[in-house]
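What follows is a single structure, written as structure tokens, with notes after it.
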Number of protein chains: 2
Amino acid sequence: MPRSNTEKYADMLRKQGLKVTPQRLELISLLTRLKEPMSAHEIKAKWKQGDIDTVTLYRALDALVDAGIVQRVDLQHGHTDYELLVPGEHHHHLVCTDCGTIEDFVGCPGKNMEKLALKSSSQFVSLREHSLEFFGTCKTCAV
Amino acid sequence: MPRSNTEKYADMLRKQGLKVTPQRLELISLLTRLKEPMSAHEIKAKWKQGDIDTVTLYRALDALVDAGIVQRVDLQHGHTDYELLVPGEHHHHLVCTDCGTIEDFVGCPGKNMEKLALKSSSQFVSLREHSLEFFGTCKTCAV
DNA sequence: CTTGCAAATGCAATAGTATTGCGTTTATAA
DNA sequence: TTATAAACGCAATACTATTGCATTTGCAAG
């Protein structure tokens, strides 16, 4: 990760009152380079600087999620996946149920949908987030 | 559960080549009456006829999901929730992140969204399903 | 109604995911 | 440089879900 990028994320951490630790920086670095949702287990396996404790990893992930730097994703794999949250650029995923291929979907009409959902609701006054994932078949698997 | 309803689901099971067992019927009955997504643990706790083995419950749930009678839902509770799938009436949920209140959202523009997602995709040829849940604050919790 | 058998169940064991408590280390502000 | 709250690492454990196998059962064929 280039120094400028590291500094960018370090600033984001400090702004949230979080300490800048080697573990958190490597975690961000990993997520930046991989650019695909990853489970805690996968992240641990890819760890470069020695090893990271599972608990520390989960706590670091929690912290980054709270700070709005990372988001959780459920791709129906039986565990939570994590990915870097590019500010201002919110996206979802297309998942191939055969081979697991993942493609990003960036054209989500999020605000409109939330408006629609709120309008039809009798109990809710505000919506902050939504999850949206598509499941189907990719070219390669559609014989 | 009225007899006619029981027979309806029994038929659905038989049509899928599945046996009609007391456990599966009580499971469907529970889900029918509760009408809110429930975890396997919650279902087990609500079991009337004696007790159901955890493994049997998970296998029954899997079978019903495969048969298109039940669907899995991820409400970010750290586990899978299950709910009855009313045929032809697909819906999503609004979840209050404070108190856990759940409200159904029925006006999902599913087909349109899938079309949109497919159009923007370079790797996918078909989409079969999607997950969509909203997270926000309900009236009661919005002081 | 009986019977045969594949499907379903129950139990024990275990895998996988995630969290808690606590003593030690470390980032950072004073 | 130092004090301290935050973060870390280790051990233990909780929770969610699955596998293997012996037993039971739904149900179709006779």
Side-chain angles (χ1 to χ4, degrees), chain A residues 6-7 9-30 37-67 69-83 100, chain B residues 6-7 9-28 30 37-67 69-83:
Chain A
T6 302
E7 266 317 308
Y9 283 111
D11 281 349
M12 290 177 71
L13 287 171
R14 287 197 201 93
K15 245 167 226 159
Q16 302 282 336
L18 297 171
K19 291 186 178 175
V20 179
T21 70
Q23 290 91 337
R24 286 171 179 177
L25 290 180
E26 171 155 0
L27 174 52
I28 292 170
S29 166
L30 267 176
M38 274 192 297
S39 69
H41 186 80
E42 287 170 317
I43 292 170
K44 195 164 150 53
K46 291 196 191 306
W47 207 259
K48 301 290 183 191
Q49 316 297 325
D51 198 18
I52 187 172
D53 188 79
T54 307
V55 178
T56 303
L57 176 53
Y58 276 109
R59 286 200 272 231
L61 285 166
D62 288 348
L64 294 188
V65 168
D66 288 347
I69 296 172
V70 165
Q71 75 174 337
R72 296 191 178 90
V73 185
D74 174 37
L75 268 22
Q76 311 220 12
H77 290 155
H79 59 250
T80 304
D81 282 300
Y82 300 85
E83 73 178 343
Chain B
T6 301
E7 266 318 309
Y9 283 111
D11 282 348
M12 290 178 71
L13 286 171
R14 288 197 201 91
K15 245 166 227 159
Q16 301 283 335
L18 297 171
K19 291 186 178 173
V20 179
T21 69
Q23 290 91 337
R24 286 171 180 177
L25 289 180
E26 171 154 359
L27 175 51
I28 291 171
L30 267 176
M38 273 192 297
S39 69
H41 185 80
E42 287 171 318
I43 292 170
K44 194 163 150 55
K46 292 197 190 305
W47 207 259
K48 301 288 182 193
Q49 316 297 326
D51 198 18
I52 187 172
D53 189 79
T54 308
V55 178
T56 303
L57 176 54
Y58 276 110
R59 285 198 274 230
L61 286 166
D62 288 349
L64 295 187
V65 168
D66 288 348
I69 296 171
V70 165
Q71 75 174 336
R72 296 192 179 89
V73 185
D74 174 37
L75 267 23
Q76 311 220 11
H77 290 157
H79 59 250
T80 304
D81 282 302
Y82 300 85
E83 72 177 344

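Convention: sequence-line order gives letters A, B, ...; per-chain numbering from 1.
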>> The side chain of A:His79 is closest to which nucleotide in this list: C:dT17, C:dA6, D:dT16?
In response: C:dT17
> Is a side-chain N or O of A:Asp81 found less than 3.5 angstrom from the main chain of A:Ser39, in a donor-acceptor match?
Replying inline: yes
> Can you check whether B:Thr21 has a side-chain N or O nearer than 4.0 Å to OP1 or OP2 of C:dT9?
Replying inline: yes
> Once you round to the nearest 0.5 Å, how far does CD1 of B:Ile69 lie from CD1 of B:Ile28?
Replying inline: 5.0 Å
> By a strict heavy-atom criterion of less than 4.0 Å, which residues belonging to residues 50-62 of chain A are in contact with DNA chain C?
Replying inline: A:Val55, A:Tyr58, A:Arg59
> Could you state the CD-C1' distance from B:Gln16 to C:dA7, rounded to the nearest angstrom?
Replying inline: 15 Å
>> If you assign each of A:Lys19 and B:Gly17 to its closest nucleotide in DNA chain C, which residue comes earlier from the 5' end?
In response: B:Gly17
> Taking OP1 and OP2 of C:dA18, is either one under 4.0 Å from a side-chain nitrogen or oxygen of A:Thr80?
Replying inline: yes
> Backbone N or O of A:Ile52 within a donor-acceptor pair of the A:Lys44 side chain at under 3.5 Å?
Replying inline: yes
>> For a side chain to side chain contact (heavy atoms under 4.5 Å, CB included) check, start with the C-alpha distance between A:Thr80 and A:Leu61, then their side-chain angles and the critical distance, and finish with the verdict.
In response: CA-CA 11 Å; A:Thr80 304; A:Leu61 285 166; over 6 Å; no
> For the pair made of CZ in A:Arg14 and P in C:dT26, what is the distance, rounded to whole Å?
Replying inline: 18 Å
> Rounding to a whole Å, what distance do you find between A:Lys44:NZ and D:dC8:P?
Replying inline: 14 Å
>> Rounded to whole Å, please give me the gap between CG in A:Asp74 and P in C:dA18.
In response: 10 Å
>> Reading DNA chain D from 5' onward, which residue's closest nucleotide shows up sooner: A:Gln23 or B:Ser39?
In response: A:Gln23
> Does B:Arg24 use its side chain to pair, donor to acceptor, with the backbone of B:Lys19 at less than 3.5 Å?
Replying inline: yes
> Separation of B:Ile43 atom CD1 from D:dT16 atom P, in whole Å?
Replying inline: 12 Å
> Is the shortest side-chain N to carboxylate O distance from A:Arg72 to A:Asp62 below 4.0 Å?
Replying inline: yes
> Rounded to whole angstroms, how far apart are CG on A:Leu25 and P on D:dA7?
Replying inline: 13 Å
>> Please report the distance, rounded to the nearest Å, between CZ in A:Arg24 and P in C:dT26.
In response: 15 Å
> Within this structure, what is the CD-to-P distance between B:Glu26 and C:dA8, rounded to whole angstrom?
Replying inline: 18 Å
> Got a donor-acceptor contact below 3.5 angstrom from the A:Glu26 side chain to the A:Lys48 backbone?
Replying inline: yes
